[in-house]
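So you know, we letter chains A, B, ... as the sequences are listed, proteins then strands, and number each from 1.
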Protein chains: 4
Amino acid sequence: MATRPTRPAQRARYDARRDDLVRGAARVFAERGYDQTSIPELAEALGLGTGSLYHYVPGKEQLLIAICDQLMEPLLARVAELDQPDPAARLRALVRLWVAHVVEHRDHMLVFQQERHVIEHGAQWKSVRTSRKRFDRLLEDLLGEAGVADPQLAHWALLGMVNHTAQWFRPRGSRTPQEIADGYVDLVLPPTPPSVRPAGP
Amino acid sequence: MATRPTRPAQRARYDARRDDLVRGAARVFAERGYDQTSIPELAEALGLGTGSLYHYVPGKEQLLIAICDQLMEPLLARVAELDQPDPAARLRALVRLWVAHVVEHRDHMLVFQQERHVIEHGAQWKSVRTSRKRFDRLLEDLLGEAGVADPQLAHWALLGMVNHTAQWFRPRGSRTPQEIADGYVDLVLPPTPPSVRPAGP
Amino acid sequence: MATRPTRPAQRARYDARRDDLVRGAARVFAERGYDQTSIPELAEALGLGTGSLYHYVPGKEQLLIAICDQLMEPLLARVAELDQPDPAARLRALVRLWVAHVVEHRDHMLVFQQERHVIEHGAQWKSVRTSRKRFDRLLEDLLGEAGVADPQLAHWALLGMVNHTAQWFRPRGSRTPQEIADGYVDLVLPPTPPSVRPAGP
Amino acid sequence: MATRPTRPAQRARYDARRDDLVRGAARVFAERGYDQTSIPELAEALGLGTGSLYHYVPGKEQLLIAICDQLMEPLLARVAELDQPDPAARLRALVRLWVAHVVEHRDHMLVFQQERHVIEHGAQWKSVRTSRKRFDRLLEDLLGEAGVADPQLAHWALLGMVNHTAQWFRPRGSRTPQEIADGYVDLVLPPTPPSVRPAGP
DNA sequence: TATGAATGAGCCTTCATTCAT
DNA sequence: CATGAATGAAGGCTCATTCAT
């Protein structure tokens with residue numbers, strides 16, 4: 001069973017190991033598919049014995065949830081820290097970190113997209129659904145504030161293009177995530193005077 | 001086994017039945033997921049006995065392929081008939097029929113997106129992969145001809161937003177597929193004098 | 001269902017057809033195995049539609065029984081006609097027609113041997129078992145009368161070697177069935193003065 | 001899956017268990033038939049859970065192959081150790097150990113005979129076919145050396161009678177395997193002066 | 001913690017058989 | 001007589017999970 005150690009020192013090591021395993025599972029699932037990957041296969045790909053996995057995760061579906069949490073939580077945290085006063089600038093910053101997050105979590109994204117119907121219908125998936133809705137709402141509001149002509153359509157369009165980035169982005173490609181993000185923002189935002197446009201990190 | 005009748009009259013009925021079943025399977029898979037739907041469940045949802053399905057499709061994966069074919073082939077056929085001389089107008093027409101096709105085949109699209117990894121890696125999926133690549137190429141070329149600033153990025157962006165439409169579009173919603181398509185085109189195309197803009201069907 | 005016609009003329013044609021089908025089934029089963037051959041496969045190999053077979057035989061196991069009957073009955077009939085007064089001569093004649101029967105019914109024999117356990121244990125197989133026992137008894141008695149030293153062992157030995165002939169005999173081989181039969185008899189019989197030895201047909 | 005342990009100690013136990021299971025399967029198949037015995041039935045007869053069988057054998061047909069190997073390999077090994085200088089004596093010794101092997105492996109033999117067509121035609125059965133051919137060749141050569149009049153026919157006859165022994169021999173019967181073997185040899189060998197005849201163990 | 005043998009439910013698929021045409 | 005679509009039971013096999021070591 002998945003028993004988390006109580007001693008702080010061991011607990012830190014345990015949590016780190018668990019995070020690594022979840023990340024590894026995301027990679028394997030993205031490549032082979034969640035349902036197509038058996039637990040023995042997964043365990044072997046992670047360098048573990050069949051049953052050892054269960055020391056860290058209570059089951060296969062929980063593992064999937066953990067992958068989605070590992071994707072959503074840091075994204076929401078980073079978004080919460082945005083503090084640009086100008087809405088257009090905040091939007092651009094948001095899309096930048098969003099695209100960056102997507103390409104840094106390509107595997108998680110691919111798994112997330114494949115398992116759409118479980119996430120939408122599953123009983124244990126409420127928290128993930130809530131996270132996604134929070135992000136959606138936040139994005140749509142920001143698009144309105146930024147003066148986009150049709151915020152609702154822009155919202156759907158952005159969701160589509162940014163998330164889809166996971167499917168074609170290659171780390172050794174010719175564009176940086178930031179360039180891609182700026183390209184996306186330029187599509188939905190009315191032309192902005194360069195003075196307002198942030199310089200990027 | 002899936003034996004197609006030789007008599008033309010019976011063959012027509014057989015083919016029609018098969019198409020219906022494939023469409024029905026797309027609906028069921030979109031809702032419950034391909035792997036989560038067992039063959040008995042599927043057969044029952046289609047109003048068939050467990051084994052009767054195999055008169056029309058030789059196996060579960062072939063059924064998935066049939067769903068993708070039912071999605072891709074008519075789309076490519078409709079695209080091939082585009083004959084607008086002006087590239088921008090042709091692009092708009094393309095996106096219009098594309099969006100229309102996507103919302104008319106929502107179930108197929110959802111299944112298509114969920115099973116991305118099988119399609120990309122599976123041995124029997126070459127023809128589907130080829131269809132997708134043909135469409136990709138065609139779209140990117142057209143974007144270039146239409147004078148889009150960054151055709152490659154626009155291409156990825158359009159793919160993302162149009163395909164994603166399947167996930168949020170509701171038939172009783174406030175926008176028609178054509179309005180959505182025009183909204184997408186307006187995002188990627190430089191402003192067009194209204195005179196050139198086609199009126200729609 | 002297997003409905004035998006009542007009109008004598010049609011009945012003869014029906015019976016002939018049935019015999020042909022049973023013979024054909026023996027050939028197919030000998031080659032591919034009884035359990036490994038599905039009814040659709042068999043029907044196709046016989047040039048029939050899937051269900052047409054059931055006009056002649058009520059089921060797959062009955063078909064197997066019919067094959068065994070087609071093997072045993074004519075053999076017993078031919079054996080019953082033996083009338084050589086000298087036991088040794090009668091034994092030789094028996095083995096000759098037996099070997100001839102085996103090589104003429106190679107397929108039946110191979111099926112018969114493969115399905116030994118069904119024949120021994122199956123409920124509907126009593127008549128076949130009875131036929132076999134009748135033949136066994138008859139053979140052993142004759143061996144005793146012919147003055148073989150150890151009739152019981154010779155009986156088992158003959159059964160083994162003659163039946164096994166079905167597995168290696170080739171019609172284009174260098175030996176005739178009669179030569180083979182004489183070879184077998186010479187093994188179990190004490191040397192016989194040539195005067196008694198029959199000349200063969 | 002059938003994963004053989006790497007640790008020597010556990011591997012020995014695993015191999016022993018596997019051998020037992022294969023032997024048990026031979027018994028069950030001999031009694032009920034290979035195709036007539038379902039995997040759950042077999043597993044229950046062996047005292048295992050349905051899926052546990054697959055820790056030791058990768059599939060039902062592999063199990064059949066394992067049974068045939070368990071039959072052929074030790075026989076060939078024992079035959080290879082024969083060292084009687086006199087051919088006739090060597091033949092007698094061969095038949096003795098052969099008959100002994102057959103009656104000790106009655107179940108294996110019965111399965112082997114029933115599944116003749118799979119062995120002859122199956123793709124994975126080459127090694128078994130090779131073993132059988134090696135034995136055949138060896139036997140025929142030895143018959144020639146021993147001065148049998150018609151070595152080829154004697155070879156087929158011996159194969160038939162010895163193998164057939166599995167079908168009628170009963171452990172509590174009145175003859176020992178050695179007596180049976182000697183009876184067989186006396187059939188095919190010209191009368192031998194008792195001085196040469198070995199005494200038996 | 002780590003392991004991997006054991007489990008039984010559940011999967012996809014095949015099959016013998018029926019019956020409307 | 002002939003056909004082949006339809007069926008549901010049963011088959012072989014896989015899998016997520018457990019637990020003794």
Visitor: Under the salt bridge (Lys or Arg N to Asp or Glu O under 4.0 Å) test, which residues partner C:Arg116, sequence neighbours left out?
Guide: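 C:Glu120.
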Visitor: I need the minimum non-hydrogen distance between A:Arg32 and A:Ala45, along with the two atoms involved.
Guide: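 Taking A:Arg32 first and A:Ala45 second, the nearest heavy atoms are NH2-CB, 3.9 Å.
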Visitor: What's the spacing between A:Leu46 CG and A:Arg27 CZ if we round to 0.5 Å?
Guide: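 Spacing of CG (A:Leu46) from CZ (A:Arg27) equals 7.0 Å.
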Visitor: Measure the distance from CG on C:Leu63 to C1' on E:dA16 and round it to the nearest whole Å.
Guide: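 So the two atoms are 12 Å apart, to the nearest Å.
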Visitor: Give me the one residue out of B:Val128, B:Val111, B:Ile119 that meets side chain to side chain contact (heavy atoms under 4.5 Å, CB included) with B:Leu64.
Guide: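 Considering B:Val128, B:Val111, B:Ile119, a side chain to side chain contact (heavy atoms under 4.5 Å, CB included) with B:Leu64 is found only for B:Val111.
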Visitor: Round to the nearest Å and state the distance from B:Tyr54 atom OH to F:dG8 atom P.
Guide: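 Distance check: B:Tyr54 OH to F:dG8 P gives 15 Å.
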Visitor: If each of C:Leu53 and A:Gln36 is mapped to the nucleotide of DNA chain F with the nearest heavy atom, which maps nearer the 5' terminus, i.e. the 5' end?
Guide: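 Its nearest nucleotide being more 5', the pick is C:Leu53.
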Visitor: My understanding is that only residues two or more places apart in sequence, or in another chain, count here; which of them pass salt bridge (Lys or Arg N to Asp or Glu O under 4.0 Å) with D:Arg11?
Guide: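 Not a single residue meets the salt bridge (Lys or Arg N to Asp or Glu O under 4.0 Å) criterion with D:Arg11.
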Visitor: Could I get the full list of side-chain hydrogen bond (donor to acceptor under 3.5 Å, both in side chains) partners for D:Gln62, not counting sequence neighbours?
Guide: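 If we apply the side-chain hydrogen bond (donor to acceptor under 3.5 Å, both in side chains) test to D:Gln62, skipping adjacent residues, the hits are D:Gln124.
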Visitor: Can you measure C:Tyr34 atom OH to E:dC15 atom P for me and round it to whole angstrom units?
Guide: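 Nearest whole value for this atom pair: 13 Å.
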Visitor: Report the distance from atom CD of C:Glu61 to atom P of E:dA16, rounded to the nearest whole Å.
Guide: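 To the nearest whole Å, that distance equals 12 Å.
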Visitor: Over how many whole Å does the gap from B:Asp35 atom CG to E:dC11 atom C1' extend?
Guide: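 Nearest whole value for this atom pair: 11 Å.
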Visitor: Which nucleotide in the list F:dA6, E:dT17, F:dA2 gets nearest to the side chain of C:Tyr56?
Guide: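 For C:Tyr56, the side-chain atoms sit closest to F:dA2.
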Visitor: Should stems be defined as at least three consecutive Watson-Crick or G-U pairs with both distances under 3.5 angstrom, which of them involve DNA chain F?
Guide: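 E:2-21 with F:2-21 - these are the stems of 3 or more pairs that involve DNA chain F.
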Visitor: When the distance from CZ of A:Arg18 to P of E:dT1 is rounded to whole Å, what number comes out?
Guide: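 Going from CZ in A:Arg18 over to P in E:dT1 covers 13 Å.
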Visitor: Between A:Gln36 and B:Asp35, do the side chains contain an N or O donor and an N or O acceptor separated by less than 3.5 Å?
Guide: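 Note: A:Gln36 and B:Asp35 side chains meet the donor-acceptor criterion.
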Visitor: Just to be sure I understand the geometry, which residues of residues 41-52 of chain D put a non-hydrogen atom under 4.0 Å away from DNA chain E?
Guide: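 Here the set is D:Leu48, D:Gly49, D:Thr50, D:Gly51, D:Ser52.
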Visitor: Roughly, in whole Å, what's the span from CD in D:Gln62 to C1' in F:dG12?
Guide: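 It is 14 Å, rounded to the nearest whole Å.
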Visitor: Classify B:Arg13 by what it touches in the nucleic acid, base, sugar-phosphate, or nothing, heavy-atom distance under 4.0 Å.
Guide: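 Answer is nothing: B:Arg13 stays at 4.0 Å or more from every strand.
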Visitor: Report the residues that fulfil ring-ring contact (aromatic ring centres under 6.0 Å, His included) with B:His117, sequence neighbours left out, ordered by chain and then residue number.
Guide: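 B:His117 satisfies ring-ring contact (aromatic ring centres under 6.0 Å, His included) with no residue once adjacent residues are dropped.
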Visitor: Measure the distance from CD1 on B:Ile39 to P on E:dC12 and round it to the nearest whole Å.
Guide: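 So the two atoms are 5 Å apart, to the nearest Å.
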Visitor: Would you say the side chain of C:Tyr14 lies within less than 4.5 Å of the side chain of C:Arg7, judging by non-hydrogen atoms?
Guide: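 When only atoms from C-beta onward are counted, C:Tyr14 and C:Arg7 do not touch, as no gap falls below 4.5 Å.
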Visitor: Using heavy-atom distances to pick each residue's nearest nucleotide on DNA chain E, tell me which of B:Lys60 and C:Thr37 is more 5'.
Guide: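 Looking at DNA chain E, the more 5' nearest nucleotide goes with B:Lys60.
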Visitor: When you check the phosphate oxygens OP1 and OP2 of F:dA6, does a side-chain N or O of B:Arg17 lie under 4.0 Å from one of them?
Guide: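 Answer yes for this pair, as a side-chain N or O of B:Arg17 is under 4.0 Å from OP1 or OP2.
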Visitor: Ignoring hydrogens and geometry beyond distance, is the side chain of D:His55 in donor-acceptor contact with the base of E:dA5 at under 3.5 Å?
Guide: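 Counting by modelled atom types and ignoring angles, no donor-acceptor contact under 3.5 Å is found here.
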